[in-house]
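In this text, all values refer to a predicted model and were calculated from it rather than measured experimentally.
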Amino acid sequence: MTHGPVELVIFDCDGVLVDSERICVQVDAMIMADLGCPFTEAEIIEQFVGSSDEVYTAAVEQRLGRRLEKGWQQKYEHLYRTAFDAELTAVDGIAEVLNTLATPLCVASNGDHDGIRRNLEIAALSEHFSGNIFSAEDVPTGKPAPDLFLHAARSMGVEPGRCAVIEDSAYGVQAARAAGMRAFGYCGGLTPASRLEGPRTTVFDDMRELPGLLAAVSI
């Protein structure tokens, strides 16, 4: 096996590029209370941060004891938009990191394309990705399945084993490992380091450390 530098850095969006997870948890709690199946913020962080819409819906349905109609989340989308417009910022240090990295970059998020683009624009980070944005909408199954990361690598023309994934959720690092990629777990947000640790994973808590960590690894 030939060892060499990282050839593609794949960033998750929420909690890695934009500091949206705390906002989402608060809105999620409001939505679940409105549905009649309240979750605590601790439960939301444990079960839903980084998850797909399918995981989210299944857990809500299980607690409710009934199925939800297709597209049930649409009536709540304005709550996220309003909160993001008022409060969303870039993750501390990420703008410096993106200005430093010379390696090709892309975004791969369980969010939808419109939401990813909008959040990057609000946080003034869009220019760094030149349209290289991949969504769970593009693949059959979102994270924790490896499909999205494999799709991103294939689209960018890089072998999975030459990719580094920057994630802040247990679902995300699980997907990166399943894809055969090196994971960098950012624990400066809501997810504790203990939930990110594992094989082929570097855990860090200051985004400014990332360029040095990437430069030091050989994959």
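Looking at every heavy atom in both residues, Thr141 comes nearest to Ala145 through CG2-CB, 3.6 Å. The two residues Ile116 and Ser109 come nearest to each other via the heavy atoms CD1-CB, 3.6 Å. The shortest heavy-atom contact between Ala29 and Phe39 is CB-O, 4.4 Å. Minimum heavy-atom separation, Val203 to Cys187: CG1-SG, 3.7 Å. Shortest non-hydrogen contact noted between Ile219 and Cys163 is CD1-N, 3.8 Å.
The shortest side-chain heavy-atom distance between Leu120 and Val107 falls under the 4.5 Å cut-off. Between Leu8 and Arg162, the closest side-chain pair of non-hydrogen atoms is not below 4.5 Å. Within the 4.5 Å cutoff, the side chain of Arg182 has heavy atoms near those of the Thr202 side chain. Considering only heavy atoms from C-beta on, Asp12 comes within 4.5 Å of Lys143 through its side chain. Side-chain contact between Val158 and Pro104 is absent, with no heavy atoms from C-beta onward closer than 4.5 Å. Between Tyr56 and Met32 there is a side-chain heavy-atom pair separated by less than 4.5 Å. The closest side-chain heavy-atom distance from Val16 to Met207 is below 4.5 Å.
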- Query: How far apart are the C-alpha atoms of Asn119 and Tyr80, what are their side-chain angles, what is the distance that settles it, and do they pass the side-chain contact (heavy atoms from CB on, under 4.5 Å) test?
  - Reply: CA-CA 11 Å; Asn119 290 350; Tyr80 295 104; over 6 Å; no
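Of the charged side-chain nitrogens involved, at least one lies within less than 4.0 Å of a carboxylate oxygen, so that Asp85 and Arg118 count as a salt-bridged pair.
Between the side chains of Tyr76 and Asp34, at least one donor-acceptor pair of N or O atoms lies under 3.5 Å. Counting only N and O atoms by type, the side chains of Tyr171 and Asn110 include no donor and acceptor under 3.5 Å apart.
Within 6.0 Å of atom CD in Glu159, 12 or fewer heavy atoms from other residues, nucleotides or ligands are found, so the atom counts as exposed in its surroundings.
Sorted by first and then second residue, the pairs that involve residues 99-140 and meet ring pair (Phe, Tyr, Trp, His ring centres under 6.0 Å), not counting sequence neighbours, are Phe134-His151.
When the side chains of ILVMFWY residues are joined at heavy-atom separations under 4.5 Å, either directly or via intervening members, Tyr186 and Leu125 end up in a single hydrophobic cluster.
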